Amino acid sequence: MQEQRGAVIYLTFSGDKFNNTRNWLDDVTLLQHLNAELSINSGQEFLWGQIGDAWYGIHGGSIIRFKAGEPLKLESFPQGVSAQEVFRLGDDIGAIFEEISRDSLVKGLLGRYPGLRLMRQDPEQCLFSFLCASNTNIPMIRRMLHSLCKRFGSPVEIDGHRFYTFPSAGALDRASEADLGASGLGYRVKAMKAAAREMARGRLDLESLKKASYDEARARLLEVYGVGPKIADCVLLFSLEKLEAFPIDVWIARALAGHYEWLYGKKMSDKLTARQYEDLSNEIRHYFGRHAGYAQQYLYYHMRQAAGKRW
DNA sequence: CGGCAGGAGCCCA
DNA sequence: TGGGCTCCTGCC
């Protein structure tokens with residue numbers, strides 16, 4: 001079960017406000033505000049934000065709310081999404097941390113960012129989100145996704161605020177390429193349409209991939225136009241219960257180059273070839289074990305913090 | 001002010 | 001293996 005110390009629970013949140021690129025909260029503000037020990041990893045969850053004393057997230061067809069001082073209480077509109085599900089309260093975090101404490105670096109990061117956690121995302125939303133994430137940055141990804149929600153999602157009124165659910169695959173499939181492009185997707189429109197079409201027509205059933213092995217589920221995702229190894233690993237880790245997945249983006253590549261050169265090889269650059277990605281991925285998953293994805297989150301978060309990134 | 005690099009990558013020639 | 005793709009931000 002999730003660790004608790006009195007009223008304190010350790011969770012992960014993306015670190016910014018809804019529709020507001022200014023006044024980003026830092027970790028300290030979050031700690032005070034939620035009365036919980038939190039760390040931000042805005043690179044896994046793009047659509048969480050704070051208004052007043054509550055945090056709101058877009059989770060597929062629901063808007064979810066988490067209020068300060070009520071760490072275990074998560075409400076969803078419409079109902080159906082639980083704290084247990086979203087915050088991964090079923091993970092044996094102590095055992096997982098023990099497993100991934102393979103070296104002093106990761107062991108140190110576990111103590112340094114004690115609130116950092118994986119969250120469980122809606123699979124379709126997760127895939128669409130990371131299809132928007134290629135060759136861009138987090139504020140831009142958020143802008144695209146919020147725009148898609150507003151154009152193709154359904155409005156939900158909560159606490160006097162209007163939110164929009166994440167669009168269904170059907171809604172995105174029915175949208176014209178021009179309409180999708182108006183959300184700032186650029187060349188990504190083609191991949192979004194391709195994925196939406198496969199899901200809407202029942203040829204790609206992400207839910208069923210939860211029961212498949214990591215290799216099987218990954219192979220299926222890679223068949224989708226626009227999905228490469230990095231996006232596949234993100235979807236597997238964040239939404240399909242494959243905690244051994246270890247997405248390697250430029251930040252993780254830098255972390256591996258700087259701290260695991262014996263794995264990484266001195267000749268590699270930030271940009272990995274397909275072959276290098278597969279080799280590295282296999283080795284690092286073997287190294288950290290079946291919950292390697294947790295180690296990945298700590299390394300990613302740390303690299304971003306060290307670079308002074310706030311989102 | 002303009003120009004350029006870079007950002008949770010991937011496809012294609 | 002290299003080039004291109006959209007578009008915005010930060011920096012010089």
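Within every chain, numbering begins at 1; the chains are lettered A, B, ... in the order of the sequence lines, protein sequences first and strands thereafter. It should be emphasised that the depicted structure is a prediction, and the values quoted were computed from it without experimental measurement.
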Expressed as a whole number of angstroms, how long is the span from [X]:[atom1] to [N]:[atom2]?
X        : N     : atom1 : atom2 : result
A/Arg142 : C/dC8 : CZ    : C1'   : 15 Å
A/Asn137 : B/dA8 : CG    : C1'   : 10 Å
A/Asp249 : B/dG9 : CG    : C1'   : 10 Å
A/Ile138 : C/dC8 : CD1   : C1'   : 15 Å
A/Glu177 : C/dT6 : CD    : P     : 11 Å

- Message: Please check if the number of heavy atoms outside A/His286 that lie under 6.0 Å from its NE2 is greater than 12.
- Response: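 It does not: A/His286 NE2 has 12 such atoms or fewer within range.
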Look for any protein N or O under 3.5 Å of an N or O in nucleotides 11-13 of chain B and output each such pair with its distance, or none.
from	atom 1	to	atom 2	distance (Å)
B/dC11	OP1	A/Gly226	N	3.1

- In chain order, what residues pass the side chain to side chain contact (heavy atoms under 4.5 Å, CB included) check against A/Ala178, with sequence neighbours excluded?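 Once residues adjacent in sequence are excluded, the partners of A/Ala178 under the side chain to side chain contact (heavy atoms under 4.5 Å, CB included) criterion are A/Ser176.
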- Task: Taking side chain to side chain contact (heavy atoms under 4.5 Å, CB included) as the test, write out the residues that go with A/Glu278, two or more places apart.
- Result: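 In terms of side chain to side chain contact (heavy atoms under 4.5 Å, CB included), with neighbours along the sequence ignored, A/Glu278 is linked to A/Arg218, A/Pro229.
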- Nucleic acid contacts - residues 123-136 of chain A versus DNA chain C, non-hydrogen atoms under 4.0 Å: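 Residues of residues 123-136 of chain A under 4.0 Å from DNA chain C: A/Asn135.
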- Just call it for A/Tyr277: base, sugar-phosphate, or nothing, with non-hydrogen atoms closer than 4.0 Å on any strand.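 The residue A/Tyr277 makes no contact with any strand.
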- Residues in ring pair (Phe, Tyr, Trp, His ring centres under 6.0 Å) with A/Tyr225, at least two apart?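 Partners of A/Tyr225 by the ring pair (Phe, Tyr, Trp, His ring centres under 6.0 Å) criterion come out as none, since no residue qualifies.
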- Message: Would you say the rings of A/Phe46 and A/Phe166 are close, in the sense that their centroids are separated by under 6.0 Å?
- Response: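 Judged by ring-centre distance (under 6.0 Å), A/Phe166 and A/Phe46 do not meet the cut-off.
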- Item | Residues forming a salt bridge (charged side-chain N to carboxylate O under 4.0 Å, His left out) with A/Glu241, sequence neighbours excluded |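 If we apply the salt bridge (charged side-chain N to carboxylate O under 4.0 Å, His left out) test to A/Glu241, skipping adjacent residues, the hits are A/Arg88, A/Arg120.
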- With sequence neighbours left out, write down each residue that passes salt bridge (charged side-chain N to carboxylate O under 4.0 Å, His left out) with A/Lys107, or none if nothing qualifies.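 A/Lys107: no salt bridge (charged side-chain N to carboxylate O under 4.0 Å, His left out) contacts found.
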- Item | Under 4.0 angstrom between A/Arg188 side-chain N/O and B/dG7 OP1 or OP2 |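 No, because none of the side-chain N or O atoms of A/Arg188 sits under 4.0 Å from OP1 or OP2 of B/dG7.
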Can you give me every donor-acceptor pair (side chain of residues 127-135 of chain A, partner residue at least two apart or in another chain, under 3.5 Å) with its distance?
from	atom 1	to	atom 2	distance (Å)
A/Ser129	OG	A/Gln125	O	2.7
A/Ser134	OG	A/Tyr187	OH	3.1

For [X], enumerate each residue passing the side-chain hydrogen bond (donor to acceptor under 3.5 Å, both in side chains) test, keeping only those at least two apart in sequence or located in another chain.
X        : answer
A/Gln79  : none
A/Thr273 : A/Gln276
A/Arg275 : A/Asp279

- Name the stems that DNA chain B belongs to, where each is three or more consecutive Watson-Crick or G-U pairs with both distances under 3.5 Å?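 Detected stem regions: B:2-7 with C:7-12, B:9-13 with C:1-5.
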